[in-house]
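The chain is numbered in sequence order, starting from 1. Everything numeric in this text was worked out from a predicted model, so none of it was measured.
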Amino acid sequence: MNAPANLAAMKSLATPEISAMADRPFDVVVLVLPGFSHLALHAYMEPFRLANTVSRLPLFRWRIAGLGAGLVEGANGLAAPVDVTIDDLASHLDDHRPGQLAVVAGEPVERQLTPQLNGFLRLMARRGVAISAFGTATWLLAQTGLLTGTRCTIHWSRLAAFSEVFNQPRIRDSLFVKDGQFSTCAGELAGFDLAVDLIATQAGAFIAQEVCRHATVDGQRSGSNRQTGPSGIAFAGVSESLVAAIRVMEENIESPIAMSDISKRIGVSRRQLERLFGTYVGTTPAKHYLSLRVDHAKRLIEGTRLPLVDVAMASGFVSSSHFSKCFRNLHGVSPQQLRLTVPAWIGRGLG
């Protein structure tokens, strides 16, 4: 049986909505910027290929876009070829508007928003194109002003800096967040989850489930799932009370709460809490809480230009001298010394 006959046979078994998609595949354009993550790029693109494979229909098509023609080098040194430039996309927008524009940025993200890119992103937004940002690309969208008042997320390593630089109270510690025209994603493997969500929306839950099954993924993860952060996740499956205690600490960095209050919130005694930390973390709850606050301060120093006194306050310290002492004890350098090693352009809210 030839290919057209195969396509006709599959369409006859599909729902009317999926049959219509096969006539006009959903167009995904992925804009990659220098230093992009190959893991994020392929985690997002592969589910669309799998959707076509499991359905045996051309439901999705995808293209790689770049600022210019040629190759774009990723963070691992491997380059990706560009199918279309952003200028070409913009000039043909009247003839063909993408179903989704996904942006995969690199580092240093603070220096990637050129006037050309700023104009392109704002044009896409004005013309109603759905835009997704992966990992640090959320920072780019915030720089353009497009995320004002929008619920969003960014990779956990950038959460603290992002919320301070952009004064963004609607930032979420989630795998991905959809809010109107914009979707933002933690990046890396969370790109798979955002792609599967889009597949479910466009082609139905069955196709999305089959994509997960084909990829040996245990079901579709909700975007509201918390990101895999650097601390409490290490104790998942060991003690849910311990994970809950660490989460309470992480959610109360700027205004630390007493250990007795933490114990009450998670439903264990103060002595039980001490025992859990001593057994599994090897330190006291108070010392672990302090290290979380100091690490938060370190991320702010490395990712923003906030005055150090503001960094101290944002990390729950009322005394600058106490902050400096605790910081030096944990990291071997003072906050002032660390700030001197950070490039001047880091953390600027405007490109």
>> Checking T136 against E110 for the side-chain contact (heavy atoms from CB on, under 4.5 Å) test, could you report, in this order, the C-alpha distance in whole Å, the side-chain angles of both residues, the deciding distance, and whether it holds?
In response: CA-CA 9 Å; T136 56; E110 293 87 350; over 6 Å; no

>> Does F26 form a side-chain contact (heavy atoms from CB on, under 4.5 Å) with L59? I'd like the steps, not just the answer.
In response: CA-CA 6 Å; F26 188 87; L59 304 181; over 6 Å; no

>> Checking Q337 against R328 for the side-chain contact (heavy atoms from CB on, under 4.5 Å) test, could you report, in this order, the C-alpha distance in whole Å, the side-chain angles of both residues, the deciding distance, and whether it holds?
In response: CA-CA 10 Å; Q337 290 171 319; R328 183 185 289 274; 3.8 Å; yes

Let me check something: any side-chain donor-acceptor pairs from residues 267-276 under 3.5 Å, sequence neighbours excluded? List them with distances.
| from | atom 1 | to | atom 2 | distance (Å) |
| --- | --- | --- | --- | --- |
| S269 | OG | Q272 | N | 3.0 |
| S269 | OG | Q272 | OE1 | 3.3 |
| R270 | NE | E274 | OE2 | 3.3 |
| Q272 | OE1 | S269 | N | 2.8 |

Going by the rule ring pair (Phe, Tyr, Trp, His ring centres under 6.0 Å), which residues pair with [X] if we only count those two or more places apart in sequence or in a different chain?
X    : value
H214 : none
H92  : none
F317 : H322, F323

> Do the rings of F60 and F48 sit parallel, tilted or perpendicular, given the 30° and 60° boundaries?
Replying inline: tilted

> Does CZ belonging to R49 count more than 12 external heavy atoms closer than 6.0 Å?
Replying inline: yes

> What residues form a side chain to side chain donor-acceptor pair (under 3.5 Å) with R265, not counting sequence neighbours?
Replying inline: none

> How many angstroms lie between atom CG of L290 and atom CE of M249, to the nearest 0.5 angstrom?
Replying inline: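 Here the rounded value is 10.5 Å.
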
>> Going by salt bridge (Lys or Arg N to Asp or Glu O under 4.0 Å), name the pairs with one or both residues in residues 133-151, residues two or more places apart or in two chains.
In response: R151-D179

>> Taking salt bridge (Lys or Arg N to Asp or Glu O under 4.0 Å) as the cut-off, I'd like each qualifying pair that reaches into residues 184-207, sequence neighbours left out, listed once.
In response: K178-D197, D193-R221

>> For D27 and R63: C-alpha separation, side-chain torsions, deciding distance, then whether salt bridge (charged side-chain N to carboxylate O under 4.0 Å, His left out) applies.
In response: CA-CA 8 Å; D27 185 29; R63 293 175 288 166; 2.6 Å; yes

>> Centroid separation under 6.0 Å, is that true for the rings of F36 and H38?
In response: yes

> In chain order, what residues pass the side-chain contact (heavy atoms from CB on, under 4.5 Å) check against A90, with sequence neighbours excluded?
Replying inline: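 With neighbours one apart ignored, the set is F120, L123.
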
>> Which Ile, Leu, Val, Met, Phe, Trp or Tyr residues join V177 in one cluster when any pair of side-chain heavy atoms under 4.5 Å counts as a link?
In response: none

>> Going by side-chain contact (heavy atoms from CB on, under 4.5 Å), L146 matches just one of R122, R126, M124, Q181. Which one?
In response: R122

Review item, side-chain donor-acceptor pairs of residues 66-73, under 3.5 Å, at least two apart:
none

Under 3.5 Å donor-acceptor pairs involving side-chain atoms of residues 252-260, not counting sequence neighbours:
| from | atom 1 | to | atom 2 | distance (Å) |
| --- | --- | --- | --- | --- |
| N252 | ND2 | V248 | O | 2.8 |

>> Taking the basic N atoms (NZ, or NE/NH1/NH2) and the acidic carboxylate oxygens, is any pair closer than 4.0 Å for R299 and E164?
In response: no

>> Applying side-chain hydrogen bond (donor to acceptor under 3.5 Å, both in side chains) as the test, list every pair that has at least one member in residues 308-319; sequence neighbours left out.
In response: S319-S321

